[in-house]
Amino acid sequence: HMAHMDIHFTHSTNGVATLHTEILKNSELHGFYELYPEKFNNKTNGISHRRFFAEANPTYAKLVTEAIGDGWLKDAFELEKLKEFQNDTEFLKAVGASKRANKERLAAYVKAETGLVIDPNTVFDVQVKRFHAYKRQLMNILHIMYQYHKLKTDPDFDMLPTTYFFGGKAAPGYYIAKETIRLINAVADKVNNDASIKGKIKVVFIENFGVSIGEIVYPAADVSEQISTASKEASGTGNMKFMMNGAITLGTLDGANVEIREAVGGDANCVIFGLKAEEVLNYYATGTYSAWDEYNTNENVRLVVNQLTDGTYGNFQSLSDYLIRANDEFFILKDFNAYADAHVEIMKRYQKRFQWLKSSAINIANSGVFSSDRTIDEYANEIWQVKPVMIP
């Protein structure tokens, strides 16, 4: 009961994203909120923009400083000055060149570490984070299996050549997470060695992913996969690192994705799909979700679930049982078609090159609010009641 004791004796209780705080107040800690409404407040997480943007992405940092000066290094809100350049053709060309340089850097790293040759001209679609069922790396790889099947069987199906990146670690005893990693590598082995699909899909699993490797990965991403089950991600910080480096968010309305969507001006500059938090919580409360029904009524779902056990990639009965017999606790099957549609939408946008680069610039220009400077300042002023020492 440590959390209950903490809430009783403390003077402040905060969530780390607006949605997270609302769920604490209205659901998880509702009784305590009724007792102590004055204690509850929100402090959205942040990231070090000096490390994850300025240091990790030197080509873009140089471009930004040339455009708006170096004041943004101390005050991330000054990145908003980039809005003046969102229709500047030459600036956007430089944005594209910077992204290309970062993709070449990541491709060189992958080749050196794994021997796999990947094409920087492909879309770089990235999901790097701790492996957990609610983060739904499994949905991502099932969708790749679906795309691969379509390429092999449907002559009318086509897609932009895409390199899918995964990275992250699973807790030692987390069987389903480790099985998901095994599936990703099994799919990678099959897809990457199939010349018949002409490089339309490559799958890369980045081993031993950590902060330093992240500094190579975040700047290279075109698409940021933030696809956790709505209501389950407290905040997320990877979503902020990708946004700050100009990737477009493909995600659910979960954690700080809600605030990212608001910051970038809505759906024009991100792609949102799937169940909302209140819908997820209602399914849990009523017990009305049936994975078996999804399997029986959704042809796409049935296809990929069957491939887990038909020998296409080996034996993944464990994951099939997790989805069907354990009733798909994080709604992977329910959101599958919406996720596939979201991919179609984001690839349509990617082909409109000028608009894509403009959207990338808008993401960066609005990312200052997610600097940890802002977060720490809010803690200092509103909770700790201390004045931070400013370094000249």
Side-chain angles (χ1 to χ4, degrees), residues 125 127 131-154 156-159 162 164 166 175-177 179-184 186-188 190-191 197 200-201 203 223 225-232 250-254 271-277 279-284 286-347:
D125 182 300
Q127 187 179 21
F131 267 77
H132 196 289
Y134 85 80
K135 293 178 184 287
R136 301 202 292 190
Q137 289 96 342
L138 179 55
M139 184 167 69
N140 191 342
I141 194 63
L142 289 174
H143 175 252
I144 294 169
M145 290 160 53
Y146 165 76
Q147 288 184 314
Y148 178 61
H149 177 83
K150 294 284 282 185
L151 284 172
K152 296 290 285 183
T153 61
D154 184 351
D156 295 324
F157 179 77
D158 198 14
M159 60 178 285
T162 304
Y164 292 98
F166 294 86
Y175 182 66
I176 291 301
E179 283 289 88
T180 302
I181 292 172
R182 186 168 72 89
L183 176 63
I184 290 168
V187 173
K190 189 175 187 70
V191 170
I197 63 171
K200 289 293 178 74
I201 301 174
V203 180
V223 178
E225 294 266 358
Q226 306 299 330
I227 58 176
S228 55
T229 307
S231 79
K232 292 300 179 181
L250 187 160
T252 53
L253 281 178
D254 194 30
V271 175
I272 301 297
F273 75 95
L275 295 171
K276 297 178 176 61
E279 294 173 307
V280 169
L281 294 173
N282 182 63
Y283 274 125
Y284 286 140
T286 61
T288 51
Y289 176 60
S290 170
W292 183 243
D293 286 349
E294 290 296 323
Y295 174 84
N296 282 302
T297 60
N298 188 325
E299 181 181 354
N300 298 335
V301 162
R302 192 160 57 252
L303 166 73
V304 293
V305 171
N306 286 346
Q307 285 189 338
L308 293 173
T309 57
D310 67 5
T312 303
Y313 300 101
N315 183 2
F316 291 91
Q317 186 70 51
S318 55
L319 295 177
S320 175
D321 288 347
Y322 171 73
L323 290 170
I324 303 300
R325 293 180 183 275
N327 203 40
D328 183 22
E329 62 179 324
F330 296 115
F331 306 96
I332 289 170
L333 306 185
K334 184 69 175 178
D335 273 347
F336 187 82
N337 280 2
Y339 181 56
D341 290 344
H343 271 272
V344 172
E345 172 60 25
I346 208 160
M347 292 306 160

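Everything quoted here is computed from the prediction, not taken from an experiment.
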May I ask you to decide if [Y]'s main-chain N or O and [X]'s side chain share a donor-acceptor pair within less than 3.5 Å?
X	Y	answer
Asp335	Ala338	no
Asn296	Trp292	yes
Ser290	Asp293	yes
Asn327	Ala291	yes
Gln127	Lys135	yes
Asp328	Ile332	yes

Arg136 to Phe330 six-membered ring, cation-pi geometry met (6.0 Å, 45°):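 No, Arg136 does not sit over the ring of Phe330.
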To the nearest 0.5 Å, how far apart are [atom1] in [X] and [atom2] in [Y]?
X	Y	atom1	atom2	answer
Thr288	Asn282	OG1	CG	6.0 Å
Ile144	Leu183	CD1	CG	9.5 Å
Leu308	Gln317	CG	CD	9.0 Å
Arg325	Ser320	CZ	OG	7.5 Å
Ile184	Ile141	CD1	CD1	5.5 Å
Asp341	Phe336	CG	CZ	10.5 Å

Is there a side-chain contact between [X] and [Y] in this structure, where contact means two heavy atoms from C-beta onward sitting under 4.5 Å apart?
X	Y	answer
Asn298	Asn337	yes
Asp125	His343	yes
Lys190	Thr312	yes
Leu323	Leu142	yes
Leu303	Asn300	no
Thr229	Leu275	no
Ile272	Leu250	no
Gln226	Thr252	no

If you take all heavy atoms of [X] and [Y], which pair is closest and at what distance?
X	Y	answer
Ala230	Lys276	CB-C, 3.6 Å
Asp254	Ser231	OD1-N, 2.6 Å
Gln137	Phe166	O-CE2, 4.0 Å

Working for side-chain contact (heavy atoms from CB on, under 4.5 Å), residues Thr162 and Tyr164: CA-CA 6 Å; Thr162 304; Tyr164 292 98; 3.6 Å; yes
Using the side-chain hydrogen bond (donor to acceptor under 3.5 Å, both in side chains) rule, take Ser318 and Glu179 through it: C-alpha gap first, then chi angles, then the decisive distance, then the call. CA-CA 8 Å; Ser318 55; Glu179 283 289 88; 2.5 Å; yes
Are Arg302 and Glu299 ion-paired here, with the side-chain N under 4.0 Å from a carboxylate O?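 Result for this pair is no, no salt bridge flagged.
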Could you walk me through whether Phe157 and Leu151 pass the side-chain contact (heavy atoms from CB on, under 4.5 Å) test, one step at a time? CA-CA 6 Å; Phe157 179 77; Leu151 284 172; 3.8 Å; yes
Could you label the plane-to-plane angle of the Tyr289 and Phe331 rings as parallel, tilted or perpendicular, counting under 30° as parallel and over 60° as perpendicular? tilted
Assign the ring pair Phe273 / Tyr339 to parallel, tilted or perpendicular, where the plane angle (0 to 90°) is split at 30° and 60°. tilted
Atom NZ of residue position Lys200 - does it have more than 12 heavy atoms of other residues, nucleotides or ligands inside 6.0 Å?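 Yes, NZ of Lys200 has more than 12 neighbouring heavy atoms, counting only those of other groups under 6.0 Å.
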Can you see whether Tyr295 engages Asn306 through a side-chain donor-acceptor pair at a distance of less than 3.5 angstrom? yes
Do we see a donor-acceptor contact under 3.5 Å between the side chains of Tyr322 and Glu329?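 The criterion, which ignores hydrogens and geometry beyond distance, is satisfied for Glu329 and Tyr322.
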Met139 vs Ile227, side-chain contact (heavy atoms from CB on, under 4.5 Å): CA-CA, chis, key distance, verdict: CA-CA 9 Å; Met139 184 167 69; Ile227 58 176; 4.1 Å; yes
Before giving the answer on side-chain contact (heavy atoms from CB on, under 4.5 Å), spell out for Met159 and Met347 the whole-Å C-alpha distance, their side-chain angles and the decisive distance to 0.1 Å. CA-CA 8 Å; Met159 60 178 285; Met347 292 306 160; over 6 Å; no
By side chain to side chain contact (heavy atoms under 4.5 Å, CB included), which residues pair with Lys152, not counting sequence neighbours? Tyr148, Asp194, Ser196, Ile197
